Amino acid sequence: MGLITNLRSSISRAASTLFADAEPKRIGIYGPPNAGKTTLANRIVRDWTEHGDAVGPESHIPHETRRARRKENVEIERDGKTVTIDVVDTPGVTTKVDYTEFLEHDMEEDDAVRRSREATEGVAEAMHWLREDVDGVIYVLDATQDPFTQVNTMLIGIIESQDLPVLILANKIDLEDASVQRIRNAFPQHETIPLSALEGDNMDEVYDKIAEYFG
Amino acid sequence: MPHECTDCGRAFDDGSKEMLSGCPDCGGNTFQFRPDGDGQANEAATPPEPPEPEGNSTVARTVGSAATVVRDLVGADDSPEYPTQESTPTAASSRDGPPETSGSSSDSSHIAAESAAHEDAAQASARSEVVSPEDLPETAPSQTRESTAAETADQQSREDRPDLEELREQLNEQFESIRVVAPGQYELNLMELYDREEYIIALQEDGKYTIQVPERWSE
């Protein structure tokens with residue numbers, strides 16, 4: 001069963017690669033909670049779609065995004081060419097979810113417990129999407145935080161094992177204690193692009209790289 | 001030839017019953033296991049078992065395919081430490097097997113499945129230990145060498161892990177994808193979540209959860 005399953009999944013993966021040109025690549029925005037994934041998704045969508053609807057609400061409270069949200073057919077123009085992607089904003093991936101963390105943000109206990117449960121479901125969903133449904137990954141890290149975590153190492157490892165193209169973004173460079181170099185050092189095998197999704201700093205380079213990696 | 005008499009060098013097929021009552025040629029009762037040069041022989045020696053302990057997740061999936069979409073896994077045990085997210089009750093019971101099924105050693109198929117995780121120990125044991133002549137039955141028993149080895153493995157695993165709490169801890173680490181520490185407090189095994197085909201779409205307060213199974217399971 002396992003063998004057949006693996007075989008099937010490699011065939012479907014091979015097939016999806018074959019027909020990749022026919023449909024837009026689905027790019028998952030992954031990373032730990034509170035790295036700025038939704039802020040980035042919203043900025044990409046606002047910059048490149050007519051209506052500019054937000055992908056989801058942004059918040060400083062971790063686990064604001066608890067369901068993967070998708071925005072289809074985002075056309076990014078670079079050097080006269082158009083790259084079409086589906087942007088998937090995913091819940092922050094973590095190994096522990098604890099409702100008491102939310103109590104610090106003036107949340108009622110019932111709400112905090114529910115948020116915690118939904119966040120856990122969200123992580124399960126994000127991991128499932130990573131296995132089945134994405135063609136490339138934008139990995140967002142908070143440049144003010146230590147990138148050397150179990151979650152980051154494991155996720156990058158999974159992404160590499162799947163041979164998915166991955167772009168690492170060092171977000172929040174508008175903050176004083178951000179260190180892009182620390183992220184470069186953590187994942188030297190990948191290119192790291194600094195940005196502030198909130199302020200819109202260095203977005204041109206981000207779009208250049210998106211077109212280059214996922215076009 | 002996987003087995004060879006150490007006295008006269010006569011070769012025996014894998015699973016051969018002849019050697020159980022001593023070498024027919026010279027009466028010798030020590031045999032050496034000689035793999036055919038690669039993993040092929042090892043695999044042939046244990047046909048009913050997956051080759052790696054990791055195979056257990058496949059077993060879980062297979063068993064899971066026959067199970068229902070919504071599963072109640074906490075009913076029997078209110079302890080928050082209980083592995084509430086085991087794939088299926090059946091899979092859980094077979095994993096909990098070694099300490100709980102000590103009385104059912106006659107069920108050789110069950111033991112064969114259990115021994116999957118202890119294949120190496122069983123093989124090592126089968127190759128190194130020699131049965132003394134008085135222990136040998138008059139006629140060759142119907143049991144195969146594999147099941148004997150599996151019993152040894154079963155026994156070993158019982159000796160190695162006498163503490164159920166410890167075992168549960170170990171199983172949690174290996175198989176559980178989401179551990180409910182307390183309502184609102186969860187620990188996630190990302191690798192396990194990533195590896196499973198079915199996906200958890202809703203957790204409930206009482207530890208029940210809803211999963212979505214791949215479409216092909218219903219075919």
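Chain A is the first sequence line, chain B the second, and so forth, proteins listed ahead of strands; every chain is numbered from 1. Because the structure is predicted, anything quoted here is derived from the model rather than measured.
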A:Gln162-B:Tyr194 side chain donor-acceptor pair, cut-off 3.5 Å: yes
Do A:Val123 and B:Ile178 have side-chain heavy atoms sitting under 4.5 Å apart? no
So, taking the atom named CG in B:Leu193 and the one named CZ in A:Arg131, what distance separates them when rounded to the nearest 0.5 Å? 11.5 Å
Answer yes or no: does atom CD of A:Glu108 have more than 12 heavy-atom neighbours from other residues, nucleotides or ligands under 6.0 Å? no
Sub-4.5 Å side-chain heavy-atom contact between B:Val181 and A:Lys96: no
Kindly compute the distance separating OG1 (A:Thr120) from CD (B:Gln185), expressed to the nearest 0.5 Å. 10.5 Å
Test side chain to side chain contact (heavy atoms under 4.5 Å, CB included) on A:Ile158 and B:Met191; report intermediate values, then the result. CA-CA 9 Å; A:Ile158 288 174; B:Met191 216 54 209; 3.9 Å; yes
If you round to the nearest 0.5 Å, how far is CD of B:Glu187 from CG of A:Asp98? 9.5 Å
Interatomic distance, CG@B:Asn189 vs CE@A:Met154, rounded to 0.5 Å, equals 7.0 Å
Would you say that more than 12 heavy atoms from the other residues, nucleotides or ligands in this model lie under 6.0 Å from the CG of A:Asp177, or not? yes
